[in-house]
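Below: one structure, written as C-alpha cells.
Note that the coordinates shown come from a computational prediction; the quantities given were computed from them, not determined experimentally. Both ligands and their constituent atoms are indexed starting at 1 by order of listing. Numbers here are sequence positions counted from 1. Hydrogens, waters and symmetry mates are skipped; everything else that's a heavy atom, side chains included, is used.
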Amino acid sequence: MLNSIEKVLLSENQIKERIKEMGASIAKDYEGKDLLLIGILRGVALFIGDISRAIPMPLEIDFMAISSYGASTRSSGVVRILKDLDSSITGRHVLIVEDIVDTGLTLSYLIRMLQDRRPASLEICALLDKPARRLVDVDVKHKGFTIPDHFVVGYGLDYGQKFRNLPFVGILKPEVYSK
Ligand code: IMP
Ligand code: MG
C-alpha cells in the first residue's frame, strides 16, 4: 500500500492538530444550539470520528451516501442519493461534513437539496479544499487544508475504494491510476 504513495501531503499529526482547532471553532459557532453533523459517506468515515470528538458539546450525527467518482479520478457531475438521512433537518442547525471539495458539484447539489428541507442553518465543513478544479462556487465555512491539484488518498479518501485506511493524506503515484 505504501509503495503506491508518492509523497505524504499531510501527516497524521498535522491532521490531528488542525482538527483540534476546527473543533474549537465549530463549538464556538454553535454554542447553545442544536447541532446536527451530516457526514457524506464513505470518504468522511475517518474525519467525522475525529472532528466530532473535537467538538465539546452535545450534537447528533447522521449520514448520507451519494454516488461519486466510481473507480476513476474525475467527477462525472452526476450526483445520486444512495442513502438519505434518517433525521428530519427542518428547523435544525446542520453542518455538512465532507472529506474534500474538488469541482464543488457534489456539495452544490447537496446544498440545494437540503436547503429545500428548511434547516435553521446549513454550513459546510471540509477537511480538504482543492480550489484549482472548482467548477461551482461553494462556501466552505470550516476548512481544514487547502491543497494543490493532485489526486490524494488516505484518511478516508480512496482510489477504487482502497487506501482509505492510511492514517495520513498522501499523493497517489500517477502510475497507479494511469495503468
Ligand atoms: P466534487 O463534486 O468534484 O467536489 O467531488 C467531491 C468528491 O470527489 C469528494 O467527496 C471525494 O469523494 C472525491 N474526490 C475529489 N478529489 C479527490 C481526491 O483527490 N482523492 C479522492 N477522492 C477525491
Ligand atoms: Mg466524498
Side-chain angles (χ1 to χ4, degrees), residues 1-12 14-15 18-19 22 26 37-52 61-85 94-116 122-179:
M1 187 162 63
L2 285 176
N3 58 18
S4 301
I5 303 302
E6 181 142 313
K7 179 182 150 193
V8 175
L9 193 63
L10 303 166
S11 72
E12 210 174 335
Q14 267 175 294
I15 297 171
R18 182 70 188 114
I19 287 178
M22 293 172 81
I26 291 169
L37 302 182
I38 296 183
I40 309 303
L41 295 171
R42 296 175 231 176
V44 85
L46 277 65
F47 178 45
I48 202 161
D50 288 337
I51 191 76
S52 62
I61 303 176
D62 201 345
F63 293 99
M64 277 185 99
I66 53 185
S67 64
S68 179
Y69 285 177
S72 105
T73 58
R74 291 243 172 85
S75 185
S76 59
V78 179
V79 179
R80 210 158 46 93
I81 306 291
L82 304 176
K83 182 219 169 285
D84 205 338
L85 299 169
V94 174
L95 183 61
I96 300 176
V97 186
E98 241 302 32
D99 49 2
I100 184 168
V101 190
D102 187 19
T103 63
L105 290 168
T106 308
L107 277 174
S108 67
Y109 175 88
L110 267 185
I111 288 277
R112 261 182 287 132
M113 197 194 77
L114 295 178
Q115 210 59 272
D116 283 348
L122 185 59
E123 299 288 353
I124 297 170
C125 167
L127 178 71
L128 307 175
D129 182 15
K130 216 198 273 183
R133 290 171 26 103
R134 195 63 39 84
L135 296 175
V136 196
D137 199 31
V138 283
D139 184 19
V140 183
K141 180 103 185 260
H142 298 276
K143 189 186 303 180
F145 302 89
T146 300
I147 63 165
D149 188 12
H150 293 293
F151 193 80
V152 293
V153 294
Y155 196 68
L157 291 119
D158 74 304
Y159 173 66
Q161 297 304 331
K162 299 285 193 316
F163 304 103
R164 293 193 196 276
N165 56 324
L166 287 173
F168 55 83
V169 172
I171 297 173
L172 195 62
K173 284 184 182 162
E175 67 240 40
V176 176
Y177 53 79
S178 57
K179 254 185 252 168

### Query
Should N165 and Y155 count as side-chain neighbours, where that means a heavy-atom distance under 4.5 Å?
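No - every pair of side-chain heavy atoms lies 4.5 Å or more apart.
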#### Entry: Test: R134 and D129 ion pair at under 4.0 Å
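Here R134 pairs with D129 in a salt bridge, since their nearest N and O are under 4.0 Å apart.
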Atom indices of ligand 1 within 4.0 angstrom of [X] heavy atoms, with elements:
X	value
D158	21 (C)
G104	1 (P), 3 (O), 4 (O)
H150	19 (O)
T106	1 (P), 2 (O), 5 (O), 6 (C)
D99	9 (C), 10 (O), 11 (C), 12 (O)
E98	10 (O)

### Message
Out of the candidates L127, V152, I171, only one should pair with I147 under the side chain to side chain contact (heavy atoms under 4.5 Å, CB included) rule; please name it.
### Response
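The passing option is V152.
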### Query
Which residue, L95, L85, V97, I48, forms the side chain to side chain contact (heavy atoms under 4.5 Å, CB included) with I38?
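That would be L85; it is the only one of L95, L85, V97, I48 passing the side chain to side chain contact (heavy atoms under 4.5 Å, CB included) with I38.
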### Message
Looking at non-hydrogen atoms alone, which of I40, V152, I100 comes nearest to atom 20 (N) of ligand 1?
### Response
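It is V152 that holds the nearest heavy atom.
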### Query
Could you state the interatomic distance from CZ (R42) to CG (L82), rounded to the nearest 0.5 Å?
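Spacing of CZ (R42) from CG (L82) equals 8.5 Å.
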### Query
With a 4.0 Å cut-off on heavy atoms, does K130 reach ligand 1?
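True for this residue.
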#### Entry: Flag, side chain of K143 to backbone of C125, donor-acceptor distance under 3.5 Å
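No; judged by distance alone, with no hydrogens or angles, the pair does not exist.
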